[in-house]
Amino acid sequence: MKQNKKQIKPAPPRGMRDHLPAQLRPRLQVVDKMVRIFELYGFQPLETPAMERLEILTGKYGDEGDKLIYKVLKRGDDLKRTLEEVLLLNQGSETGPVGLTDQISNAVSDLGLRYDLTVSLARVVAQYANELPKPFKRYQIASVWRADRPQRGRFREFIQCDVDIVGTDSIVADAEIILLVIDIFQELDFPGFEVLVNHRRLLKALSKACGNTSDQFTNFCTALDKLDKIGRDGVAKDMKERGLETTKLDELWELADQRCYIETKDELNRLFQNIRAFLGGDDESLVQLEELFKLLENLGIPDSIVRFDQALARGLDYYTGPVFEVVGSDPSIGSLCGGGRYDELVGMFSKQSIPAVGTSFGLERIVEVLNDKGLLEAENASVDVEIIDLLNNELGAAFCGRVMKILKHNGISCELGYDRGKKTGKQIKNADKNGIPYVVIIGEDEINQKHVEIDDIIVTAKRLSDGEQKRLGIIEFVNWVKEQ
RNA sequence: GUGAGUGUAGCUCAGUCGGUAGAGCACCAGGUUGUGGCCCUGGUGGCCGUGGGUUCGAGUCCCAUCACUCACCCCA
């Protein structure tokens with residue numbers, strides 16, 4: 001029997017993780033802090049399904065992004081019919097099924113796991129536009145899935161914490177989101193973070209001014225985004241390979257290499273003037289950024305946290321206005337939070353176009369950094385008190401039952417030891433190993449001292465951290481535990 | 001999707017020139033049947049990732065495959 005049974009590996013799917021209590025507790029603490037701040041800003045919770053219809057998901061994240069969507073196989077007759085159609089298609093094909101892979105995978109699936117929370121929000125807004133408050137401020141904390149190859153800080157299933165404001169094009173909303181982001185990272189005591197800000201349409205203008213056509217815009221962004229990593233020469237080489245215009249790059253570097261914090265106003269003004277000169281005129285995006293920065297400063301953002309970064313691009317296709325990203329001191333883990341304005345996305349699901357701005361926190365990455373820096377406290381998740389019943393009979397159980405009732409009534413968690421009957425030392429040892437701070441020992445001596453009044457129940461209690469042991473009344477014991 | 005590295009006990013890893021497996025930690029039992037942490041003794045536990053090949057003989061050499069890790073790509 002046992003020999004024939006092939007061992008099934010208990011590992012979770014690649015890039016997906018189990019979260020054991022010890023790791024989950026600190027994560028939940030982080031989530032609690034976030035939710036509290038979301039609510040303080042007036043955001044409301046929303047939940048949506050883990051799956052969306054495939055047509056909702058595709059075409060929003062760029063070509064690379066679309067490839068990473070988890071597709072869900074059709075079911076039942078629908079699948080059967082589709083497979084038969086595919087087989088028919090293949091019979092006429094000389095190249096065989098190989099060349100048809102993409103077509104097949106699209107034909108046999110009609111649902112997909114959500115890739116982010118923003119697209120689902122846009123769908124919800126399009127569906128319930130009349131019922132939702134305007135503007136609609138919502139937060140959502142939920143898993144998303146990407147069929148990426150996992151590496152440090154990168155998973156196939158991870159939790160995003162999204163906050164978005166839908167239904168206003170006011171720059172105040174952009175500023176509010178950025179302020180909230182700063183509040184969160186400060187609340188978490190996150191060390192050395194910065195908010196990088198840019199504008200999608202400014203990038204478009206820069207690309208155009210360099211001599212690129214509009215369909216080369218994505219390539220331009222992708223290449224420019226790598227400036228930090230591979231430097232000017234690397235980007236220039238990359239742009240050449242992508243068939244982009246490179247003649248005006250030297251001029252562009254003069255602009256793109258400057259990193260201006262928004263409180264250093266003179267520098268920033270000078271840079272903006274230089275950009276205007278490069279563009280050969282003003283651009284709406286620059287005016288918006290100036291307004292945004294001024295507003296942020298007036299609202300009281302802390303020094304040296306928000307900085308203008310012309311090389312920041314952001315990969316998702318749906319962004320249309322100001323974009324931003326939070327980076328920590330360790331760049332290898334990627335961005336910790338990213339967002340921006342996406343005024344066209346809701347319009348993809350509805351006749352009316354509804355402007356929106358929002359952000360997404362990468363919970364796993366934030367927790368990982370906080371963990372590495374030792375900023376998350378491992379919480380003791382076990383009970384406060386282990387009851388050790390030495391008698392292991394009716395009398396003992398009845399007495400333990402009374403003790404536990406009083407303890408729980410006073411807000412002290414406890415459990416009856418599962419090893420009753422085993423050696424006392426063994427039971428104490430197990431309690432200690434499980435991180436339980438106190439044990440109460442119930443034997444003949446304690447029961448014989450029992451009086452009628454509850455207050456007079458006597459227990460033998462031991463604090464495991466220092467071994468201090470007392471024989472005392474139950475209420476005294478409650479107070480002893482609560483002192484800690 | 002591309003490239004590199006690593007797979008031996010629950011965990012961290014040894015394993016020489018090819019001769020059918022070892023340590024530490026953890027776990028279980030005992031060292032006075034009502035007192036833990038230290039110490040001592042003993043014990044459980046491995047198809048050496050999987051499948052083929054070379055060989056009298058493979059954890060070790062070769063091939064394939066899978067998994068994990070890192071980097072690219074992209075992102076949270």
Side-chain angles (χ1 to χ4, degrees), chain A residues 3 6-7 9-17 61-68 101-102 115-118 141-162 181 218 221-223 225-226 229-230 234 238 242 312-317 319 323 325-328 331-339 359-369 386 388-392 396 417 419-447 460-469 471:
Chain A
Q3 284 171 346
K6 175 110 183 173
Q7 266 285 342
K9 276 192 182 169
R14 170 172 219 193
M16 306 189 187
R17 301 170 304 163
Y61 308 113
D63 290 343
E64 292 298 319
D66 279 1
K67 284 183 200 158
L68 302 180
T101 310
D102 270 3
Y115 180 95
D116 71 0
L117 303 175
T118 311
I141 297 172
S143 285
V144 301
W145 291 267
R146 296 182 188 179
D148 223 343
R149 192 178 278 206
Q151 55 183 275
R152 176 168 153 82
R154 196 152 148 199
F155 307 96
R156 288 184 161 180
E157 178 183 47
F158 61 96
I159 290 181
Q160 284 195 330
C161 313
D162 269 38
V181 165
T218 309
C221 289
T222 312
D225 197 40
K226 285 188 272 188
K229 274 188 191 167
I230 58 178
D238 195 44
R242 290 168 188 269
L312 172 74
R314 315 266 324 135
L316 303 184
D317 266 5
Y319 289 118
V323 289
E325 191 168 290
V326 176
V327 293
S332 74
I333 203 163
S335 68
L336 303 161
C337 174
T359 190
S360 179
F361 295 85
L363 181 66
E364 341 277 336
R365 289 180 177 181
I366 290 170
V367 167
E368 192 161 329
V369 173
E386 178 89 358
I388 297 180
D389 174 15
L390 298 177
L391 294 175
N392 198 11
D419 293 326
R420 59 183 191 153
K422 281 199 184 176
K423 291 206 302 190
T424 316
K426 186 82 204 160
Q427 296 194 59
I428 292 175
K429 193 175 166 183
N430 285 339
D432 190 37
K433 269 191 295 195
N434 289 330
I436 296 168
Y438 292 88
V439 296
V440 159
I441 299 164
I442 306 292
E444 279 179 38
D445 295 355
E446 288 75 17
I447 292 183
T460 298
K462 184 173 184 128
R463 181 163 63 197
L464 295 183
S465 57
D466 57 4
E468 186 176 356
Q469 181 166 325
R471 183 162 287 187

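We name chains A, B, ... by the order of the sequence lines, and we start the count at 1 in each one.
Between the side chain of A:R420 and the main chain of A:L391, no donor-acceptor pair closer than 3.5 Å is present. Between the side chain of A:R146 and the backbone N or O of A:R156, no donor-acceptor pair lies under 3.5 Å. Not one N or O on the side chain of A:D225 forms a donor-acceptor pair closer than 3.5 Å with the backbone of A:C221. With hydrogens and angles disregarded, a donor-acceptor distance shorter than 3.5 Å links the side chain of A:R365 to the backbone of A:S335. A donor-acceptor pair under 3.5 Å is absent between the side-chain atoms of A:Q427 and the main chain of A:T424, judged by distance alone. Of the possible donor and acceptor atoms, one in the side chain of A:E364 sits under 3.5 Å from a partner among the backbone N and O of A:I159.
Residue A:L336 is in sugar-phosphate contact alone, with no base atom involved, counting any heavy-atom pair closer than 4.0 Å across all strands shown. Residue A:R152 is in sugar-phosphate contact alone, with no base atom involved, counting any heavy-atom pair closer than 4.0 Å across all strands shown. A:G62 comes within 4.0 angstrom of nothing in the nucleic acid, heavy atoms only. Contact annotation for A:G338: backbone-only contact, meaning every heavy-atom pair under 4.0 Å involves sugar-phosphate atoms and none involves a base. Looking at heavy-atom distances under 4.0 Å, A:R17 makes no contact with the nucleic acid at all. No contact: A:G65 has no heavy atom under 4.0 Å from any strand. When heavy atoms are screened at a 4.0 angstrom cut-off, A:S465 is found touching base atoms of the nucleic acid. Among the protein residues, A:Q427 comes within range of no part of the nucleic acid, since none of its heavy atoms lies under 4.0 Å from any strand. Heavy atoms of A:G425 sit under 4.0 angstrom from primed sugar atoms or phosphate atoms, though from no base atom. Residue-level contact check: A:C161 touches neither bases nor backbone, having no heavy atom under 4.0 Å from any strand. Within the 4.0 angstrom heavy-atom criterion, base atoms lie near A:D148.
For the C1' atoms, the distance from B:G22 to B:C63 is 29 Å, rounded to whole Å. Using atom P as the reference point in both B:U6 and B:C62, the two lie 12 Å apart (nearest Å). Nucleotides B:C17 and B:U12 place their P atoms 26 Å apart, quoted to the nearest Å. The gap from the P atom of B:G10 to that of B:C27 amounts to 15 Å, rounded to the nearest Å. Distance check on atom P: B:G42 versus B:G24 gives 12 Å, rounded to whole Å. Rounded to whole Å, the P atom of B:A21 lies 12 Å from the corresponding atom of B:C47. The C1' atoms of B:U50 and B:C11 are separated by 23 Å, rounded to the nearest whole Å. B:C13 and B:U8 have their P atoms separated by 9 Å, given to the nearest Å.
The partner of B:A58 is absent, by the rule that a Watson-Crick or G-U pair needs both atom distances under 3.5 Å. Pair check for B:U6 finds B:A67; Watson-Crick or G-U wobble, both atom distances under 3.5 Å. Across the strands present, B:G46 finds no partner; the criterion is a Watson-Crick or G-U wobble pair with both atom distances under 3.5 angstrom. Judged by Watson-Crick or G-U wobble contacts below 3.5 Å, the nucleotide B:C17 has no partner. Partner assigned to B:G1 is B:C72, using Watson-Crick or G-U wobble distances below 3.5 angstrom. Remark: B:C38 base-pairs with no nucleotide; criterion is Watson-Crick or G-U wobble with both hydrogen-bond distances under 3.5 Å.
In this model, the phosphate group of B:C68 is approached by a side-chain N or O of A:R14 to a distance below 4.0 Å at OP1 or OP2. Checking the phosphate oxygens (OP1, OP2) of B:C27, a side-chain nitrogen or oxygen of A:K433 falls inside 4.0 Å. Neither OP1 nor OP2 of B:G31 sits under 4.0 Å from any side-chain N or O of A:K426. An OP1 or OP2 oxygen of B:A71 is reached within less than 4.0 angstrom by a side-chain nitrogen or oxygen of A:Q151. Close to B:A76, at under 4.0 Å from its OP1 or OP2, lies a side-chain N or O of A:R314.
Residue A:I441 has its side chain nearest to B:U35 when only B:C74, B:U35, B:A76 are considered.
Straight-line distance from the CG atom of A:D66 to the C1' atom of B:G1: 15 Å, rounded to whole Å. Atom-to-atom, CH2 of A:W145 to C1' of B:C74 comes out at 20 Å; the value is rounded to the nearest Å. Here the C1' atom of nucleotide B:A29 and the NZ atom of A:K429 are 10 Å apart, to the nearest Å. Protein atom CG of A:N392 is 17 Å distant from nucleotide atom P of B:U33, rounded to whole Å.
If you check distances only, the side chain of A:R149 never reaches the base of B:U69 with a donor-acceptor pair under 3.5 Å. The base of B:G34 lies close enough to the side chain of A:E446 for a donor and an acceptor atom to sit less than 3.5 Å apart. With hydrogens and angles ignored, no donor-acceptor pair closer than 3.5 Å exists between the side chain of A:K423 and the base of B:U33.
Stacking is not found between A:F361 and the pyrimidine-like six-membered ring of the B:A76 base under the 5.5 Å centre-distance and 30° plane-angle cut-offs.
Atom CD of A:Q469 is surrounded by more than 12 heavy atoms from other residues, nucleotides or ligands within 6.0 Å. Applying the 6.0 Å contact sphere to CG of A:D466 captures more than 12 heavy atoms from other residues, nucleotides or ligands.
Mapping A:D116 and A:N430 onto RNA chain B by nearest heavy atom places A:N430 at the nucleotide closer to the 5' end. If A:D466 and A:Y115 are placed on RNA chain B by their nearest nucleotide, the residue sitting closer to the 5' end is A:D466.
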Item to complete: Apply the test side-chain contact (heavy atoms from CB on, under 4.5 Å) to residues A:T118 and A:S360: give CA-CA distance (whole Å), side-chain angles for both, the deciding distance (0.1 Å), then the verdict.
Response: CA-CA 8 Å; A:T118 311; A:S360 179; 5.5 Å; no
